[in-house]
Protein chains: 2
Amino acid sequence: MGETGSAAEGRGRTRIQRLNQARLLDAALKVFSQEGFRAATLDQIAAEAGMSKPNLLYYFASKEEIYRAVLDRTLDLWLEPLRGLDPQGDPVEEIRAYIRRKLEMSRDNPQESRLYANEILRGGAVIMAEMTGPLRALVMQKAAVIRRWIAAGRLAPHDPVHLIFAIWATTQHYADFDAQIRAVLGEDAGDPIEGAERFLQQLFIEGLRPR
Amino acid sequence: MGETGSAAEGRGRTRIQRLNQARLLDAALKVFSQEGFRAATLDQIAAEAGMSKPNLLYYFASKEEIYRAVLDRTLDLWLEPLRGLDPQGDPVEEIRAYIRRKLEMSRDNPQESRLYANEILRGGAVIMAEMTGPLRALVMQKAAVIRRWIAAGRLAPHDPVHLIFAIWATTQHYADFDAQIRAVLGEDAGDPIEGAERFLQQLFIEGLRPR
DNA sequence: GTCTATAAAGAGATAGAC
DNA sequence: GTCTATCTCTTTATAGAC
């Protein structure tokens, strides 16, 4: 039996099913991230996956189901950089590493960034539970870490939650507003994220180092 | 004749026409800013303006025409804060005032912010000319001002274009990602922008003051 | 599992009465 | 100027053959 068994297996159990699901999720990420939920079409997603539309609907029963599946698959990835902020590490170095991880995320996973940007712009109803639950909890936990660092005189005093917002905003900007950044910098300017890394490290570290 | 004359007047010339156009543009801003171009519907816009769909199409010949009209109407407003950066002023005080104006814009005009965010997320094709033209020119002009301030030792050395990007990102974040910010901060937390103002002024000023 | 055909609803735009 | 009715195309989803 094993993976190629055919009877009595739920959706996604055989090798070909997992492959097709993965192809569809990649295609859906691409389309949803550029268009947003409402404007994306199943035609686009199916075409991007090299599949027919009814076949897409064989794997995911509705447009909303594949949208949720894409969001779920990327949520963990999205929280990873902040999870990595180590309470035992050197404060300034930990913030520096967090900024670096977030910028890498904007460079390597811009579609995921835009997917969330689109969702939150619309009001974020679909991921509200994740935002008020795990996301909020994680932010509060790491904010407490930063507060302890400040109390110990190892960081300049700043509101830790707004600090996290500022790191999100500045780093994700290079994924979400890529079109504007390239339009302003011009085509020749090289990788915007390299310049961003130098600038942001300098700005945040000079602003955060205790004096 | 004057304003109430009825014959031989182009669209938008009479008082009632201007009123209806303004109502439609307000409604269109509201709908396009939350949904983006493709997902917004003329039904929503007409309903929001208390008008029938054919009547909307009497004032604006197509969906794209009203979308462009909304974008055009808000573009000037959008560039104002940066235009106000005074080369003759005190550098640190000018940056501080610029951040304040941008935060006021996020508080008072969040819909305009989301309208642009949606447009740029999709690739910004409709406003590409504005971005590579007037926007790019304005950014380059103000970057030169900042560079002169740095050369004169009146600001710490930073890449001025990425500095402008960082101010855009952090301030517009409070409009564009409002849903996430409220989810993380909780309902009780008061106006997020007040906390943002304190934090951002401190971060940027400490990062920029010459030492 | 995958396809063709199609039902059903949505949405942009037009016709024509008033 | 504004409305009702409608045309046409798109899009989600289903039916049913293979």
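All values below come from the heavy atoms of this structure, side chains included, with hydrogens, waters and symmetry mates left out. Here the structure is a predicted model, which means the values were calculated and not measured. Order of the sequence lines sets the chain letters (A, B, ...), proteins ahead of strands, with each chain counted from 1.
Counting non-hydrogen atoms under 4.0 angstrom, A:A46 reaches nothing in the nucleic acid. Counting any heavy atom pair closer than 4.0 Å across all strands shown, A:A39 reaches no nucleic acid atom.
Side-chain nitrogen and oxygen atoms of B:T14 include at least one within less than 4.0 Å of the OP1 or OP2 phosphate oxygen of D:dG1. For the pair A:S52 and C:dG1, the criterion of a side-chain N or O lying under 4.0 Å from OP1 or OP2 is not met.
For A:Y58, taking side-chain heavy atoms from C-beta onward, the closest of the listed nucleotides D:dG1, C:dT2, D:dA13 is C:dT2. Listed candidates were C:dA13, D:dT4, D:dG1. Nearest to the side chain of B:K63 is C:dA13. Minimum atom distance to the side chain of B:L42 is reached by C:dA13, of the listed D:dG1, C:dC3, C:dA13.
In this entry the distance linking CD1 of A:I66 with P of D:dT11 reads 16 Å, nearest Å. D:dC7 atom P lies 18 Å from atom CG of B:L57, rounded to whole Å. Regarding A:N55, its CG atom lies at a distance of 16 Å from the C1' atom of C:dA5, rounded to whole Å. For the pair B:R15 CZ and D:dG1 C1', the computed distance is 14 Å after rounding to whole Å. In this structure, B:I16 places its CD1 atom 8 Å from C1' of D:dG1, rounding to the nearest Å. In this structure, the CE atom of A:M51 is 12 Å from the P atom of C:dG1, given to the nearest Å. Following rounding to the nearest Å, B:K53 (NZ) and D:dT4 (P) show an atom-to-atom distance of 12 Å. Going from atom CD of A:E65 over to atom P of D:dA13 covers 10 Å, rounded to whole Å.
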Start with the C-alpha distance between B:Q172 and B:Y116, add both sets of side-chain angles, then the distance that settles side chain to side chain donor-acceptor pair (under 3.5 Å), and finish with yes or no. CA-CA 10 Å; B:Q172 293 172 200; B:Y116 284 109; over 6 Å; no

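In the displayed structure, B:L19 atom CG is contacted under 6.0 Å by more than 12 heavy atoms of other residues, nucleotides or ligands. Counting heavy atoms of neighbouring residues, nucleotides and ligands inside a 6.0 Å radius, atom NZ of B:K63 exceeds 12 of them.
Using cut-offs of 30° and 60° on the angle between ring planes, the pair A:F199 and B:H162 is parallel. Under the 30°/60° scheme for interplanar angles, the aromatic rings of A:F165 and B:H173 are found to be tilted.
Taking the nucleotide of DNA chain D with the nearest heavy atom to each of B:N20 and A:P54, the more 5' of the two is matched to B:N20.
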